[in-house]
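Reviewing the structure listed below.
No hydrogens, no waters, no symmetry mates; every other heavy atom, side chains included, goes into these values.
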Amino acid sequence: SMTLSECKAFSQNQRFDVTALVDSVDTARKVNDTRQVVNIILVDGSADKEGKTQEATISFFMNTPVTQADAATMDILQQASGGREAVSLFGLQGKKQGEGYSFETSKEFFVDKASGERASALALVSETLHATPKNMRDIIAINTSHRDYEAEEGSEIFCRLLSDLKTDTA
């Protein structure tokens, strides 16, 4: 699996796997009537050139109502949140967007408790990584799924264009 700092080298859309600590799991937000999304903050001990800890936000999309598989995934992530136990996330998608990146789950995404040397190494430094202040972290993902369009006012131009579309063509 890759480190979070290695994800910064993406120059195009790419699928990848990562082993990391779950720093936090946000509350689910509604996307539409059948989907919701949860942001998962990951840290893995890798650092940028300035020594800042790498942090990435992964958007985990799931069905509404929550399926048994999604509930099991959320259970693993919430149990790992802020703790010593690392998780391995498989089937993530990294998308280059401007100067940053968007990371989200693919249809083939799954998560499991990590084991091996990397998991053991992360467990040893977990307290330090979780305690790292935000100003000492390099946030490498831009979360594009958090924009609330309901709170934005429509413009008159856009409304005028929409009214032109509803005329009869018969």
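Remark: Glu6 CD is packed, more than 12 non-hydrogen atoms of other residues, nucleotides or ligands lying under 6.0 Å away. More than 12 heavy atoms of other shown residues, nucleotides or ligands fall within 6.0 angstrom of atom NZ in Lys134.
The distance from the CG atom of Asp44 to the CD atom of Gln54 is 7.5 Å, given to the nearest 0.5 Å. Atom OG1 of Thr105 is separated from atom CD1 of Ile58 by 8.5 Å, given to the nearest 0.5 angstrom. Taking CZ from Phe110 and CD1 from Ile76, the interatomic distance works out to 10.5 Å, rounded to the nearest 0.5 Å. Going from atom CD of Gln36 over to atom OG1 of Thr64 covers 3.5 Å, rounded to the nearest 0.5 Å. Taken to the nearest 0.5 Å, the CG atom of Asn32 stands 8.0 Å off from the NZ atom of Lys30. From Glu117, atom CD reaches atom CG of Leu122 across 12.0 Å, with rounding to the nearest 0.5 Å.
Note on Phe90: it does not cluster hydrophobically with Val111, by side-chain heavy-atom contacts below 4.5 Å among ILVMFWY residues. Placement of Leu129 and Ile139 in two distinct hydrophobic clusters is found when ILVMFWY residues are connected by side-chain heavy-atom separations under 4.5 Å, directly or transitively. Residue Phe16 is not grouped with residue Ile41 when hydrophobic side chains (ILVMFWY) are merged at heavy-atom distances under 4.5 angstrom, including chains of intermediate members. A continuous path of ILVMFWY side-chain contacts below 4.5 Å connects Met62 to Val87, so both sit in one hydrophobic cluster.
Within the 4.5 Å cutoff, side-chain heavy atoms of Val43 are placed close to those of Arg137. You'll find the side chain of Arg15 reaches within 4.5 Å of the side chain of Gln93, heavy atoms only. Side-chain atoms of Met136 and Thr53, non-hydrogen and from C-beta on, never get closer than 4.5 Å to each other. Contact annotation: the side chain of Arg29 approaches that of Asn39 to within less than 4.5 Å [non-hydrogen atoms, C-beta and beyond]. Taking 4.5 Å as the limit, some side-chain heavy atom of Phe60 sits within range of a side-chain heavy atom of Asp70. A heavy-atom distance below 4.5 Å is not found between the side chains of Leu92 and Met2. Side-chain contact check for Lys113 versus Glu85: some heavy-atom pair is nearer than 4.5 Å.
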message = Evaluate Glu104 against Val37 for side chain to side chain contact (heavy atoms under 4.5 Å, CB included), listing each step before the verdict.
response = CA-CA 10 Å; Glu104 60 188 40; Val37 64; over 6 Å; no
Derivation and outcome, side chain to side chain contact (heavy atoms under 4.5 Å, CB included), residues Arg35 and Asn63 = CA-CA 5 Å; Arg35 301 286 283 165; Asn63 294 323; 2.8 Å; yes
request  = Give the C-alpha distance, both sets of side-chain angles, the deciding distance and a yes or no for ring pair (Phe, Tyr, Trp, His ring centres under 6.0 Å) between Phe61 and Phe109.
outcome  = CA-CA 10 Å; Phe61 290 88; Phe109 170 78; over 10 Å; no
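Within the 3.5 Å criterion, the main-chain N or O of Thr3 finds no donor-acceptor partner in the side chain of Ser46. Asp138 places no side-chain N or O within donor-acceptor distance of the main-chain N or O of Lys52, the cut-off being under 3.5 Å. Panel note: side chain Ser81, backbone Gln78; no donor-acceptor pair is recorded below 3.5 Å.
Considering every non-hydrogen atom in both Gly91 and Ser106, the closest pair reads O-OG, 2.5 Å. In plain terms, the two heavy atoms of Phe103 and Cys7 that are nearest each other are CZ-CB, 3.8 Å. Residues Ser88 and Ala114 share a closest heavy-atom pair of OG-CB, 3.5 Å.
Screening Leu21, Val125, Val22 for a side-chain contact (heavy atoms from CB on, under 4.5 Å) with His130, the sole residue that qualifies is Leu21. Exactly one residue among Leu77, Leu89, Ile140, Asp23 makes a side-chain contact (heavy atoms from CB on, under 4.5 Å) with Leu42. That residue is Leu89.
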